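Order of the sequence lines fixes the chain letters, A, B, ..., with proteins taken first and strands second; residue numbering starts at 1 for each chain. In this text, all values refer to a predicted model and were calculated from it rather than measured experimentally.
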Protein chains: 2
Amino acid sequence: MKLSANEEYGLRCLVRLGYEGEGGSLTIPEISHAEGVSPALAAKILRVLRKAGFVKAARGKEGGYALARPPEAIVIGEVMEVLGGRLFESSFCDTHSGQAAICTRSVDCSVRSLWRAVQVAVDQVLSKATLRDLLQNEEEMNSWVRAISDRSGLRLLQ
Amino acid sequence: MKLSANEEYGLRCLVRLGYEGEGGSLTIPEISHAEGVSPALAAKILRVLRKAGFVKAARGKEGGYALARPPEAIVIGEVMEVLGGRLFESSFCDTHSGQAAICTRSVDCSVRSLWRAVQVAVDQVLSKATLRDLLQNEEEMNSWVRAISDRSGLRLLQ
DNA sequence: GCTAATCTGTACTTCTTAGTCAAGATTACC
DNA sequence: GGTAATCTTGACTAAGAAGTACAGATTAGC
Ligand code: FES
Ligand code: FES
């Protein structure tokens, strides 16, 4: 249960593109330099984001990457799912059952119930955040988190 | 951001030991068979749980594993941290900064603020759950989740 | 002491994720 | 058309996680 490199770098590349504003674009070398990631890796990750429809690419000279939609239409939860999958995939209990065909408690499993609860807790945050929210500075982002906390009853700032 | 095999199997082994009740114990082959995991892998994972102080082992004939403390004193959040680390480790922003020594926005990073919020959301669930809760059946566990939901304002059952 | 059942530790193989590389395709500009 | 800047693709290598194997140490019972 760790954040993956794909998730971290992918989201940062997306935020970087968001900074460019409507109509703005950046090349791979520019993104690479801005985020301190190698050009090859940036290219690999941007490709994933492109195939998922979050960014669009222009080839050739004067080419580059740009957001495919306005920042407020890019939900972070969806981005994270593309970059690193879900915490508790629906297939999880099938693939992690060891040698048995399925978890030996699968008809009545309290562990599964817990995983679901954790997944929902994560979704509560990520499905409410859009790229627009991440384009603010850290202090404003903290305010956003505080607002979500109040609305949902969660205390997300410890 | 996926559950790891260590987390899944480790927690299941712990639950299985919990079923044995006070003073009960199980051998590696017994746990292995009950959970459908190979004996070698069960041994490897139980070793981690032992070093972290959640279970204790007795060697020799008549040996086996048992819980080191009562189930209500075993917090799932602590178990998960041992088995799979934290979602957003404190060192994360240092180790995932690419070639730069640090995230280029590290003095003011909205992404970091989001990761923290997700981490707290997860902790809200996992720090409230103990092994005792997981020894119930799935329906009772769902009630537990519902109770946590009401108390915290979260809606964890969708 | 001997044996059989058990945990312990380390090394090994296999699979997935992270990251790199190079050749190819596309486009703006001259 | 030529050139240089750009994205595209697949293959490659490196590192980490998942899973296996086996020799060693410990203990109960005889
Ligand atoms: S059914 Fe998935 S852990 Fe039991
Ligand atoms: S400081 Fe960690 S993502 Fe920016």
Go through the structure and list residues passing side-chain contact (heavy atoms from CB on, under 4.5 Å) with [X], not counting sequence neighbours.
X      : result
A/A147 : none
A/E139 : A/N137, A/N142, A/S143, A/R146
A/A57  : A/R50, A/Y65
B/A5   : A/H96, B/Y9

Residue list, side chain to side chain donor-acceptor pair (under 3.5 Å) with A/R112, at least two apart or on another chain: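 Result, side chain to side chain donor-acceptor pair (under 3.5 Å) vs A/R112: B/E138.
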Is there a side-chain contact between A/R47 and the phosphate of D/dC7, meaning an N or O under 4.0 Å from OP1 or OP2?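 For D/dC7, OP1/OP2 do not have a side-chain N/O of A/R47 under 4.0 Å.
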Distance, rounded to the nearest Å, where [X] contributes [atom1] and [N] contributes [atom2]:
X     : N      : atom1 : atom2 : result
B/I45 : D/dA17 : CD1   : C1'   : 12 Å
A/I28 : D/dT9  : CD1   : P     : 11 Å
B/L26 : C/dA5  : CG    : C1'   : 15 Å
B/L46 : D/dA18 : CG    : P     : 16 Å

Between the protein and nucleotides 12-18 of chain C, list every N/O to N/O distance that falls short of 3.5 Å.
| residue | atom | partner | partner atom | Å |
| --- | --- | --- | --- | --- |
| C/dA18 | OP1 | A/A5 | N | 3.1 |

In residues 48-60 of chain A, what residues come within less than 4.0 Å of DNA chain C, judged by heavy atoms?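 Output list: A/R59, A/G60.
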Of A/K61 and B/E62, whose nearest nucleotide on DNA chain D comes first from the 5' end?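 Going by which nucleotide is closer to the 5' end, it is A/K61.
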Between A/E30 and B/A40, name the one whose nearest nucleotide on DNA chain D is closer to the 5' end.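 Counting from the 5' end, the first nearest nucleotide belongs to A/E30.
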Which of the following nucleotides, D/dC7, D/dA21, C/dT8, is nearest to the side chain of A/Y65?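 Selected nucleotide (nearest to the side chain): D/dC7.
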Do any N or O atoms from the side chain of A/E7 and from the backbone of A/L83 form a donor-acceptor pair under 3.5 angstrom?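 Such a contact is absent between A/E7 side chain and A/L83 backbone.
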State which residues pass salt bridge (Lys or Arg N to Asp or Glu O under 4.0 Å) with A/R47; sequence neighbours excluded, sorted by chain then number.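 Testing A/R47 for salt bridge (Lys or Arg N to Asp or Glu O under 4.0 Å), a comparison that skips the adjacent residues, returns none.
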Can you list the residues that meet the salt bridge (Lys or Arg N to Asp or Glu O under 4.0 Å) rule with A/E62, with sequence neighbours excluded?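 With neighbours one apart ignored, the set is empty.
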